[in-house]
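One structure is given here, and the rest of the page talks about it.
This structure is a prediction, so every number in the text was calculated from the model and none was measured. The sequence lines fix the lettering, A, B, ..., with proteins before strands; numbering per chain opens at 1. All heavy atoms count here, side chains included; hydrogens, waters and symmetry mates do not.
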Amino acid sequence: MKPGGGGGAAVPHFLSKVWALVEDPQTNEFICWSADGQSFNVLDEESFAKKILPKHFKHNNMASFVRQLNSYGFHKVIQYESGSAKQERYGSGKYQHPCFKKGQEELLSKIKRKVSNLSVCLQASFQAHSDLKGFMCPGAHQFFFPTILVSIIKGITSP
Amino acid sequence: MKPGGGGGAAVPHFLSKVWALVEDPQTNEFICWSADGQSFNVLDEESFAKKILPKHFKHNNMASFVRQLNSYGFHKVIQYESGSAKQERYGSGKYQHPCFKKGQEELLSKIKRKVSNLSVCLQASFQAHSDLKGFMCPGAHQFFFPTILVSIIKGITSP
Amino acid sequence: MKPGGGGGAAVPHFLSKVWALVEDPQTNEFICWSADGQSFNVLDEESFAKKILPKHFKHNNMASFVRQLNSYGFHKVIQYESGSAKQERYGSGKYQHPCFKKGQEELLSKIKRKVSNLSVCLQASFQAHSDLKGFMCPGAHQFFFPTILVSIIKGITSP
DNA sequence: GACGTTCTAGAATATTCGCAA
DNA sequence: CTTGCGAATATTCTAGAACGT
């Protein structure tokens, strides 16, 4: 269960919604897959922000949408304009993530949200020590080992 | 015999009452099975709280009802609105438990109330170490960092 | 400047809005100062949640409003009903904070948002152990020492 | 002592603002 | 100048804790 904005699945709400929007033919005027299916396009950011976003999120700001994309590791694809011939539509944008590809919805679960320092550091620091498994507290539903921590605290406080 | 509320069955009163409410056709306007029978819906939480709850419990607060649901391991199901077609009713909610399914009342006895992991386990373990005082977090009534340690441990043990 | 919610003042948006709501005569039917000006009352929580909240916040849930109040250190005031004479309005609530008092708007800036115990307790507890400095997690801006705990745990688990 | 009710806090995601690479 | 990110607040779902029956 993913709280916060309300997750009910392994995939956060945000990702599910973006996927649905890109897939939905009714919104293809605003957001759709790119030609090669490796990224998605927002065709008119202003219209998309004002018309589509508030139906699915609690805001109507393109900047907030982009911030979320970045949080999940999406990157804007810089479209090189060959010469001046190309008339790019004003306000369009292309965004990409290696696990966000047309026809491969199962990859969504691999997209991880980047969080800021606290949890990241803790987890990052401890993940390198996966040899610490196997400490169940009797009665607990999860992995747990208070006794050991008592020893730790004692070690710290009365060295 | 299950104490607490003075039940006479193996299933706690709370679960029996929720089951009865979901089944009862007369209250289907407020609470009913979902279409697939895998969860139940509260259609209008405020009406449900004010009209139905006090008839069966000692309160009329949706929050207390939800707290009980969570205590028994129910989870809220996030309903994703695909597109704008779906007209979700205001203030509705869907709740689910793997042993709460339409037509399978016998599963109810498998639903267990969760006890507080923290106090139970930590206190048991720490009582043998009464020399650890002085690690009180100001404002805390107990040793100071149970939750955080749990977080750390969870990070270690369930990567 | 307080980011998040987009404040432009020293007082977070939430506090400013609550203050304005309590002061505003037009919303006194739903939220107003208590008689002594030491707290504020929400007279009908469900009406307040559905009618007032969405006009000022991005939600219409009383629970979210209460979560914010608690985050800022407000407490619910338990109203003792003297005998059976007092007819308390159904679904009302009184909330109080030592720096939220009628006529003293300047106190608002003293109300601080509580952050997750995680950092608070860690810092509070470990500041008394300044000999543990030097254990900064790279990228972290605060006191922190996962590495030491890992070392300790490893030392205990694999002696 | 397990269960029920209430108030508060934890934890993850969401939204906003501003800055810097 | 633009993209991406840090950090603070906001919203949601779940759990902790205290008290009562």
On the nucleotide D:dT6, are OP1 or OP2 found under 4.0 Å from the side-chain N or O atoms that C:Lys76 carries? no
For D:dT16 and C:Lys58 - does any side-chain N or O of the residue sit under 4.0 Å from the phosphate oxygens OP1/OP2? yes
Is the ring pair B:Phe74/B:Phe100 parallel, tilted or perpendicular, if the boundaries are 30 and 60 degrees? perpendicular
By nearest-heavy-atom nucleotide on DNA chain D, the more 5' of B:His56 and A:Phe57 is B:His56
Return yes if some donor-acceptor pair links the side-chain N/O of A:His97 with the main-chain N/O of A:Tyr72 below 3.5 Å, else return no. yes
Check the distance between D:dG4's P and B:Leu53's CG and give it to me in whole angstrom. 14 Å
In whole angstroms, the gap separating C1' of D:dA21 from NE2 of A:His75 amounts to 14 Å
Could you tell me whether B:Phe65 and B:Phe48 have their ring centroids closer than 6.0 angstrom? yes
If you draw the axis of the six-membered ring of C:Phe57, does the NZ or CZ of C:Lys17 fall within 45° of it and under 6.0 Å from the ring centre? yes
Of all of residues 59-70 of chain A, which get a heavy atom below 4.0 angstrom from DNA chain E, listed by number? A:Arg67, A:Asn70
Contact class for B:Tyr72 vs. all strands (heavy atom < 4.0 Å): base, sugar-phosphate, or nothing? sugar-phosphate
Spacing between B:His97 atom NE2 and E:dT14 atom C1', to the nearest angstrom: 14 Å
Measure from the side-chain N and O atoms of B:Thr27 to the backbone N and O of B:Leu21, and report whether any donor-acceptor pair falls under 3.5 Å. yes
Please figure out whether A:Phe74 or B:Phe74 has its closest DNA chain E nucleotide nearer the 5' end. A:Phe74
Report, as yes or no, whether the 6.0 Å neighbourhood of atom NZ on A:Lys50 holds more than 12 heavy atoms from other residues, nucleotides or ligands. yes
Can you tell me how far P of D:dC3 sits from CD1 of B:Ile111, to the nearest Å? 13 Å
Separation of E:dT9 atom C1' from C:Lys112 atom NZ, nearest Å, is 13 Å
Give a yes/no on whether any side-chain N or O of B:His13 is located under 4.0 angstrom from OP1 or OP2 of D:dC3. no
Rounding to a whole Å, what distance do you find between B:Leu15:CG and D:dA2:P? 16 Å
In terms of side-chain heavy atoms of B:Ile78, which of E:dA10, E:dC13, D:dA14 is nearest? E:dC13
Is there a donor-acceptor pair under 3.5 Å between the side chain of A:Ser39 and the backbone N or O of A:Ser34? no
Rounded to whole Å, how long is the line connecting atom CZ of C:Phe14 with atom P of D:dT15? 18 Å
